[in-house]
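In this text, all values refer to a predicted model and were calculated from it rather than measured experimentally. In what follows, chains are A, B, ... by sequence order, proteins preceding strands, each numbered from 1. Scope of the values below: all heavy atoms of this structure, side chains included, with no hydrogens, waters or symmetry mates.
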There are 2 protein chains.
Amino acid sequence: MPDLTALETAFETAGHRLTRPRRALAELIDARDGAFSAADLVADAQGRRLGIGRATIFRAIELLEEIGALERIDLPTGEHAYVPCGPAHHHHVVCRRCSRSVEIGDLGLGALARDIARKTGYQIDVHRLELFGLCPDCRLASVPA
Amino acid sequence: MPDLTALETAFETAGHRLTRPRRALAELIDARDGAFSAADLVADAQGRRLGIGRATIFRAIELLEEIGALERIDLPTGEHAYVPCGPAHHHHVVCRRCSRSVEIGDLGLGALARDIARKTGYQIDVHRLELFGLCPDCRLASVPA
DNA sequence: CTTCAATCGAGACCGTGTATCACTTGGTTC
DNA sequence: GAACCAAGTGATACACGGTCTCGATTGAAG
Ligand SMILES: [Zn+2]
Ligand SMILES: [Zn+2]
Ligand SMILES: [Zn+2]
Ligand SMILES: [Zn+2]
């Protein structure tokens with residue numbers, strides 16, 4: 001079974017079955033190239049007349065999130081989006097127009113968190129940093145003059 | 001009408017009516033002292049037999065958020081919580097057990113965001129940093145031995 | 001005290017996400 | 001490759017956060 005995509009191998013190496021719906025969803029996600037909502041995937045699947053049930057899509061998202069191949073992003077609007085990524089600690093910069101995103105490393109945030117812990121007395125277990133704006137392409141496109 | 005709380009004055013100075021439901025909700029929020037969910041407020045209101053409708057509670061939350069007197073926090077579970085705060089740019093550290101939160105300043109994040117913008121080519125408009133852990137009280141309480 | 005736009009409460013509604021359950025299937029065993 | 005069976009699937013009902021509508025109220029201005 002060659003030519004497994006990153007998401008497909010993620011399923012396998014985590015000890016889960018590589019089923020037809022999961023393969024199809026991995027392909028849909030790859031085709032998106034950026035952050036997407038669950039509704040996006042549902043629409044994609046229905047548009048291509050794959051017979052994939054809604055519940056299956058949510059289950060796949062949940063599973064990929066547990067595996068660490070997908071991460072939930074909380075958009076400024078309050079909606080949830082998901083973005084494919086590796087398991088190492090990192091953060092995301094997301095384009096508010098086309099949803100393409102890039103990962104950035106911790107960039108000293110771990111140290112900052114420790115500093116905050118010292119100052120506030122809180123024991124800090126998790127932190128999340130998300131940045132939103134315009135990717136280079138959309139930035140150019142939005143300044144037509 | 002002296003003795004207006006911070007939330008009450010926030011309604012007024014933003015040019016909105018200071019109605020009985022809004023006063024009651026401001027009081028409920030103050031009594032909570034920490035982050036809370038919309039469902040929390042609904043339960044509080046019903047518990048005290050105030051005749052406040054659910055829609056009114058959501059509308060008040062939305063309005064306070066627009067005003068800048070309340071901020072939405074995205075808990076690691078994906079649930080939404082709200083925390084009272086001032087309008088200046090800041091971030092929150094939230095206790096995962098009791099929900100008490102403290103504000104922290106930007107702490108060099110603005111500079112970090114500019115740095116990220118330079119490296120990624122993204123134009124960064126908004127960023128959000130949220131930290132979760134245990135407040136001093138809950139930290140002590142969780143280590144009984 | 002009037003007046004009326006802002007606000008309210010009730011309830012229908014919508015979208016996201018979960019639970020249930022009978023049916024199917026991937027992967028392993030022989 | 002046929003048998004096996006736990007993992008997975010799809011249809012559907014459900015739970016829940018949040019919004020919309022609309023007729024009834026009310027804050028606060030004059
Ligand atoms: Zn873009
Ligand atoms: Zn980090
Ligand atoms: Zn605490
Ligand atoms: Zn900041």
Whole angstroms only, please: what is the [atom1]-[atom2] distance between [X] and [N]?
| X | N | atom1 | atom2 | value |
| --- | --- | --- | --- | --- |
| B:Leu25 | C:dT7 | CG | C1' | 13 Å |
| A:Phe58 | C:dT20 | CZ | C1' | 17 Å |
| B:Phe36 | D:dG17 | CZ | P | 14 Å |
| B:Leu70 | D:dG18 | CG | P | 12 Å |
| A:Arg72 | C:dT16 | CZ | P | 15 Å |
| B:Arg23 | C:dA6 | CZ | P | 20 Å |
| B:Ile67 | C:dA6 | CD1 | C1' | 14 Å |

Hey, does the side chain of B:Arg72 reach the backbone of A:Pro76 with a donor-acceptor pair shorter than 3.5 angstrom?
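Yes, because the side chain of B:Arg72 sits within donor-acceptor range (under 3.5 Å) of the backbone of A:Pro76.
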Please confirm whether the backbone N or O of B:Asp74 pairs with a side-chain atom of A:Arg128, one donor and one acceptor, at under 3.5 Å?
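A pair under 3.5 Å: yes.
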Mutual orientation of the aromatic rings belonging to A:Tyr82 and A:Phe36 [parallel < 30°, tilted 30-60°, perpendicular > 60°]
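Ring orientation, 0 to 90° scale: tilted.
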Does B:Arg59 get its side chain close enough to the base of C:dG9, under 3.5 Å, for a donor-acceptor pair?
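A donor-acceptor contact between them is present.
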Distance test, side-chain N/O of A:Tyr82 to OP1/OP2 of C:dG17, below 4.0 Å:
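Answer yes for this pair, as a side-chain N or O of A:Tyr82 is under 4.0 Å from OP1 or OP2.
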Can you see if the side chain of A:His80 gets near the phosphate of C:dG17 - specifically, an N or O under 4.0 Å from OP1 or OP2?
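Indeed, a polar side-chain atom of A:His80 lies that close.
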Within-4.5 Å side-chain heavy-atom neighbours: B:Leu112 and B:His127:
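Side chain of B:Leu112 against side chain of B:His127, heavy atoms only: no contact under 4.5 Å found.
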Please examine the side chains of A:Arg97 and A:Leu134, heavy atoms only from C-beta on, and report whether any two atoms are closer than 4.5 Å.
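Side chain of A:Leu134 against side chain of A:Arg97, heavy atoms only: contact under 4.5 Å found.
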Looking at every heavy atom in both A:Ala113 and B:Leu131, which two are closest together, and how far apart are they?
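The answer is CB-CD2, 4.1 Å.
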Give the minimum heavy-atom separation between B:Cys85 and B:Glu103, together with the two atoms involved.
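So the minimum-distance heavy-atom pair works out to CB-OE2, 2.8 Å.
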Taking only the side-chain heavy atoms of B:Ala38 (C-beta and beyond), determine which of D:dG18, D:dG17, D:dT21 contains the nearest atom.
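Per side-chain heavy atoms of B:Ala38, the pick is D:dG18.
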Strand-adjacent residues in residues 40-55 of chain A, judged by heavy atoms under 4.0 Å from DNA chain D:
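Residues of residues 40-55 of chain A under 4.0 Å from DNA chain D: A:Gly51, A:Ile52, A:Gly53, A:Ala55.
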Write out a two-atom table: protein N or O, nucleotide N or O from nucleotides 6-8 of chain D, distance below 3.5 Å.
residue, atom, partner, partner atom, Å
D:dA6, N3, A:Arg17, NH2, 2.9
D:dA7, O4', A:Arg17, NH2, 3.2
D:dA7, N3, A:Arg17, NH1, 3.1
D:dG8, OP1, A:His16, ND1, 3.4
D:dG8, OP1, A:Arg17, N, 3.2
D:dG8, OP1, A:Arg22, NH1, 2.9
D:dG8, O5', A:Arg22, NH2, 3.4

Between B:Asp115 and B:Lys119, is the closest basic N to carboxylate O distance under 4.0 Å?
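Salt bridge: yes.
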Quick one: CD1 on A:Ile61 to OG1 on A:Thr56, what's the gap to the nearest 0.5 Å?
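Taking CD1 in A:Ile61 and OG1 in A:Thr56, the distance rounds to 11.0 Å.
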Quick one: on DNA chain D, does B:Leu18 or B:Glu62 contact a more 5' nucleotide (nearest heavy atom)?
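It is B:Glu62, whose closest nucleotide lies nearer the 5' terminus.
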